[in-house]
Participant: 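Following this message is one structure expressed as structure tokens.
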Protein chains: 2
Amino acid sequence: MTADRWTDVRRRLRSRGLRWTPQRRIVLEVLDDLDGHVTGAELVESCRAVDPATTPSTVYRTLDVLEELGIVAHSHGREGREEYHVRPAANHGHLRCTACGTTWDLSEPEVRGLAAGLFGRRRFEVALEHLTVEGRCAACRIVDA
Amino acid sequence: MTADRWTDVRRRLRSRGLRWTPQRRIVLEVLDDLDGHVTGAELVESCRAVDPATTPSTVYRTLDVLEELGIVAHSHGREGREEYHVRPAANHGHLRCTACGTTWDLSEPEVRGLAAGLFGRRRFEVALEHLTVEGRCAACRIVDA
DNA sequence: ATTAATGCAAACGGTTTGCACTACT
DNA sequence: AGTAGTGCAAACCGTTTGCATTAAT
């Protein structure tokens, strides 16, 4: 059990000659807390709550490097904007209700049929981490009659 | 067989007290020619080829009204940008190769399994017209070894 | 004649960039 | 000491808005 959740990240940065800075730590911690589905602008906002001096450029640049290292990933969010999240052990897609905006994770088994079909018929390899399925959730279907 | 492909659109606009203008006609014709998957900015560009006087505001406002009438629809495109297309008779999703950018239509039967599963398990109703599945196509999978 | 639609120019919001300065290593 | 990273301010791009003018009905 390590004292710091991010020691591994720090090591990966260093091994590439990159650096572990307070700003990067804040971005990563905030992003992790938010538990995914956050746009760049929202992340800037949330980071300011922790450190009011947070700058957009730093946040976006941090997202870039962390994404390059595979620590952060993005998926397609509402209004066609990118949404970032700390990359989980297993890839997953997203299910979003267009009415209430709630999102759920979509696990590999749930998409296996679709992926298998597309691969079989078209030799197309689905990128689960970029899959966002939109529609209306159970609750909203009831509300809207 | 009508002389003009858009007489019906014209009628639908008029019935709501809206108007059929040369600009709207250009937007619709160009959008139809481009056969879907066009961002707003690209559409402005293409319209300028037909009429150099084309203005962004007019194009975007036209997309809004035509979408409200159900004549135009948008889906999630590359870089998380919205892509517009003239709405076809049958709803369809999209399949995009992230490597070469090519997109294919995804018909209802191809997604039926996924939709049925999500509805059965989660009572979630998939909006096919907003579904974009990303991944790598057969050709790009071969190229990348 | 009425009023919807246009064109312009300006504003907007999110993101990116150049550059001098700071600070991790 | 060396160089990656920061912060600022300005640029950028796609999109939206207010307003006076034009034109479809």
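Here is how names work: the chains are called A, B, and so on, in the same order as the sequence lines, proteins then strands, and each is numbered from 1. Only heavy atoms go into these numbers, but all of them, side chains included; no hydrogens, no water, no symmetry mates.
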Participant: For W20(A) and dT22(C), what is the distance between atoms CH2 and C1' respectively, to the nearest whole Å?
Facilitator: 19 Å

Participant: Could you give the CG-to-P distance, from L43(B) to dG14(D), as a whole number of Å?
Facilitator: 13 Å

Participant: If the cut-off is 4.0 Å, is Q23(B) near the phosphate of dA24(D), judged by side-chain N/O to OP1 or OP2?
Facilitator: no

Participant: Could you check whether any side-chain heavy atom of W20(A) comes within less than 4.5 Å of a side-chain heavy atom of L28(A), counting everything from C-beta outward?
Facilitator: yes

Participant: Measure CH2/W6(B) against P/dA24(D) and give the value in whole Å, please.
Facilitator: 19 Å

Participant: For a side chain to side chain donor-acceptor pair (under 3.5 Å) with H74(B), tell me which candidate from R87(B), E67(B), E129(B) qualifies.
Facilitator: E67(B)

Participant: Figure out the CD/C1' separation between E45(B) and dC13(D), and round it to whole Å.
Facilitator: 13 Å

Participant: So V126(B) and F124(B), side-chain contact (heavy atoms from CB on, under 4.5 Å) or not? Walk me through it.
Facilitator: CA-CA 6 Å; V126(B) 173; F124(B) 186 98; 4.2 Å; yes

Participant: Between dA24(D), dG5(D), dC24(C), spot the one nearest the side chain of L18(A), thanks.
Facilitator: dG5(D)

Participant: Both D64(B) and R24(A) contact DNA chain D. Taking the nearest nucleotide for each, which residue is further toward the 5' end?
Facilitator: R24(A)

Participant: Between the protein and nucleotides 19-21 of chain C, list every N/O to N/O distance that falls short of 3.5 Å.
Facilitator:
none

Participant: Could you tell me how far apart L63(A) (CG) and dG14(C) (C1') are, to the nearest whole angstrom?
Facilitator: 13 Å

Participant: Could you tell me whether the side chain of T103(A) and the main chain of R96(A) form a donor-acceptor pair under 3.5 Å?
Facilitator: no

Participant: Counting only side-chain heavy atoms from C-beta out, which of dT6(C), dC24(C), dG7(D) sits nearest to P22(A)?
Facilitator: dC24(C)

Participant: Which nucleotide wins on minimum distance to the side chain of A41(A), given the candidates dG14(D), dG7(C), dG14(C)?
Facilitator: dG14(C)

Participant: Among the nucleotides dT16(C), dT6(D), dC24(C), which one has an atom lying closest to any side-chain atom of R19(A)?
Facilitator: dC24(C)

Participant: T21(A) side chain N/O closer than 4.0 Å to the phosphate oxygens (OP1, OP2) of dG5(D)?
Facilitator: no

Participant: In whole angstrom, what separates R11(A)'s CZ from dT25(C)'s P?
Facilitator: 14 Å

Participant: Can a donor-acceptor pair be found, under 3.5 Å and without considering hydrogens, that links the side chain of T55(A) to the backbone of T58(A)?
Facilitator: no

Participant: Taking atom C1' of dA4(C) as reference, at what distance in whole Å does atom CZ of R10(B) sit?
Facilitator: 15 Å

Participant: Quick check against the 3.5 Å criterion: does R136(A) have a side-chain atom that pairs as donor or acceptor with the backbone of T98(A)?
Facilitator: no

Participant: Under 3.5 Å, is there a donor-acceptor pair linking the side chains of H37(B) and H85(B)?
Facilitator: no

Participant: Could you check S57(B) against L13(B) and say which one's nearest nucleotide on DNA chain C is further toward the 5' end?
Facilitator: L13(B)

Participant: Return the value, rounded to whole Å, for the distance between atom CD of E42(B) and atom P of dC13(D).
Facilitator: 15 Å

